[in-house]
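Here the structure comes first, spelled out in structure tokens, and everything after it is commentary.
This structure is a prediction, so every number in the text was calculated from the model and none was measured.
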Number of protein chains: 2
Amino acid sequence: MAAGNPTLYDVAREAGVSLATASRSLNGSERRVKDEYRERVLAAAAKLGYTVNASAQAVARGGTSTVALLVSDIADPYFSTIAAGVIRAAESEGLVVTMAVTERDAQREIELVRMLRGQRPRILVLAGSRFADEPSRATLVGELEAFESAGGRVVVIGQEDLPFATVAIDNAGATALARSLVELGYRRFAVLAGPADLVTARDRAAAFAAGLPTPPVIVHGAFSRDAGYAAAHDLDLDGIDAVFAVNDVMAIGAMSALRDRGVDVPGAVAVAGYDDIPTARDVSPALTTVHLPLEEAGAASVRLALGQESSLPSADVVLRASTPAR
Amino acid sequence: MAAGNPTLYDVAREAGVSLATASRSLNGSERRVKDEYRERVLAAAAKLGYTVNASAQAVARGGTSTVALLVSDIADPYFSTIAAGVIRAAESEGLVVTMAVTERDAQREIELVRMLRGQRPRILVLAGSRFADEPSRATLVGELEAFESAGGRVVVIGQEDLPFATVAIDNAGATALARSLVELGYRRFAVLAGPADLVTARDRAAAFAAGLPTPPVIVHGAFSRDAGYAAAHDLDLDGIDAVFAVNDVMAIGAMSALRDRGVDVPGAVAVAGYDDIPTARDVSPALTTVHLPLEEAGAASVRLALGQESSLPSADVVLRASTPAR
DNA sequence: TTGTAAGCGTTATCAG
DNA sequence: CTGATAACGCTTACAA
């Protein structure tokens, strides 16, 4: 029974009409086929279990209906939330999403862009912050420009550091957060700043410092939960009354480390993060953070690519129990 | 400059060879082309910025190199972890992943399977538990059988309730968990059991009860964090000393609800979950749960489809601070 | 409105 | 080992 898929030709034959008529009834633009034929075709298609061959369609039409999404790590809630938005918006436009993971490797990212280019997606969405002074940056930009000049649209979710349409993720909210914490009575801050050359991490750390009367202690590390844990584990807490991690997963890792060290949070030191991932409200104490409209950003990226302007909610400080008033 | 992509024909012309030779140098099977030609082709391709058109390739070859992945909700850590595994394994085989989201809607799932079938993926992975007595089940099975008889492979991640290759997710670990809790001294249990007709939820609740000397209190609801919160919010705690939620996100929601109610966890009641999602260890108290090898399951699904048998680690009980000895 | 036939970009067969 | 050329499944002028 390993039949292979029925083709449009099979359907046409079964329905007793021409290939063209079958095509028009099934996929072609509106109302150009006599109802009787159309119905016969539909019936034949159903009977044979026909599904259109998207590849053949793409070749014939000279383009696909897919959006390619490139993320750093799909298991990270930051990206999976963005992905959810991209998929939701894409589906509502009848587009299918193909996805790849860079693992924050710039070289790998370029290879993946090339591979995804091969799919001829309509839209290519790049989520995930870039590293400063990346030698391969020019190659990446060249690849993306080639994609656009061949008719594709690229959209970046994150910072405005690539010359393409971008859905901006607001990192300046860290300044407002810093001010809020100062207002609550905190004075001596440590910042778990992530990688020194990751644009997002750098921007957030800088924005946070900008909201402070005096410079914080800065600790670098990776951008992950485990790095947050490690940094907080080794942190010299002397005189520190609040820790700001440049993203929530680090902040949550840090809270775990402090707990394991026997440090009272928020009694001895307060903790704050950035992103407002879903679990931020479920850790104990619930995590103060800056809410980012990530799902919306994902959805906005495909709308932007389609030429539909849409505005994002702002990034708002969310004060929770991890930073009570002093 | 809106050139459109260069075709293989362009490359061949630029290199001064035939289409066939260009194809063979770039994609065809190994070593059949004189080095000089091959190099000329490679150079021409690089110069023109050629990338193979995957759709055309698929039409010509009669098949794609993609794996289609269907999940209930990509923002849920359970699925995003599985997705990470699928993507990792797929990439290592040179396969690209396309992905869609069912939102736990059986009708939608069928539509998506049809749409994904249109992409002619090599492999179709279905993650996400099914509902019992689904009237549309037969339709789904028919669709999947058609896919297989046309040469595709379907793999289900979850329970053995569909007649296809499946990577089993072990729900029986709930019995071991129950026994562990009894051994720790707990006696009166409440189970946040999720939807009564969701196979996974039902299996876990039943398996848990099977490990108990006396029947627990059962509360149904949705399978989400918010449902866990709601259920725990309304739960009659009288005489209850431990709550088991059939997945971690519910358990974590429940912990938040108990905290909001002013109930001491684990002092007054202990809480346990299932899955061992990454945040399970970061909530406070850290959550006792059953560890599931989700990433591995995702990766195993594509390996299984490719005929490479691979075994999964077992589901293990992980005792943490949310269930101290009584 | 329908059918014929010419592509779309690749691969694969089959002679040179 | 190379090069014409016929598929592959579908869309879309162009004719009828």
- Does the distance from a Lys or Arg side-chain N to an Asp or Glu carboxylate O, for A:Asp10 and A:Arg13, drop under 4.0 Å? yes
- Message: With a 4.0 Å cutoff (strictly under), does any side-chain N or O of B:Ser23 reach OP1 or OP2 of C:dT11?
- Response: yes
- Between CD on residue B:Gln119 and OG on residue B:Ser55, distance to nearest 0.5 Å: 8.5 Å
- Note on the structure: Between the CZ atom in A:Phe223 and the OG atom in A:Ser129, the distance rounded to the nearest 0.5 Å is 6.5 Å
- DNA chain D nearest-nucleotide lookup for B:Arg24 and A:Leu8: closer to the 5′ end is B:Arg24
- Atom pair CG (A:Leu140) and CD (A:Glu145), whose distance is rounded to the nearest 0.5 Å: 10.0 Å
- Whole-Å distance between C:dT13 P and B:Arg61 CZ? 13 Å
- Message: Please confirm whether the shortest side-chain N or O distance from B:Asn27 to OP1 or OP2 of C:dT10 is below 4.0 Å.
- Response: no
- Note on the structure: Rounded to whole Å, the CD-P distance (B:Glu36 to D:dT2) equals 9 Å
- Can you tell which of D:dC10, D:dT2, C:dT11 lies closest to the side chain of B:Tyr37? D:dT2
- Rounded to the nearest 0.5 angstrom, the CG-CE distance for B:Leu95 and A:Met115 is 8.0 Å
- Just how far, in rounded Å, is C1' of C:dG9 from CZ of B:Arg13? 14 Å
- Output yes when at least one side-chain N/O atom of B:Thr7 is less than 4.0 Å from OP1 or OP2 of C:dG9, else no. no
- Considering only NZ, NE, NH1 and NH2 on the basic side and carboxylate oxygens on the acidic side, decide whether A:Glu109 and A:Arg130 come within less than 4.0 Å. yes
- Item | Lys/Arg N to Asp/Glu carboxylate O, A:Glu91 vs B:Arg108, below 4.0 Å | yes
- Task: For A:Asp10 and D:dG9, give me the distance from atom CG to atom P, rounded to whole Å.
- Result: 8 Å
- Task: Rounded to the nearest angstrom, tell me the gap between atom OH in A:Tyr9 and atom P in D:dA7.
- Result: 13 Å
- Whole-Å gap separating C1' (D:dT12) and CG (A:Leu19): 12 Å
- Note on the structure: Sorted by position of nearest nucleotide on DNA chain C, 5' first, the leading residue of A:Thr21 and A:Gly62 is A:Thr21
- B:Arg120 CZ to D:dC8 P: how many Å, rounded? 14 Å
- OP1 or OP2 of D:dC10 less than 4.0 angstrom from a side-chain nitrogen or oxygen of A:Gln57, does that happen here? no
- Which residues in residues 44-54 of chain B have at least one heavy atom lying under 4.0 Å from any atom of DNA chain D? none
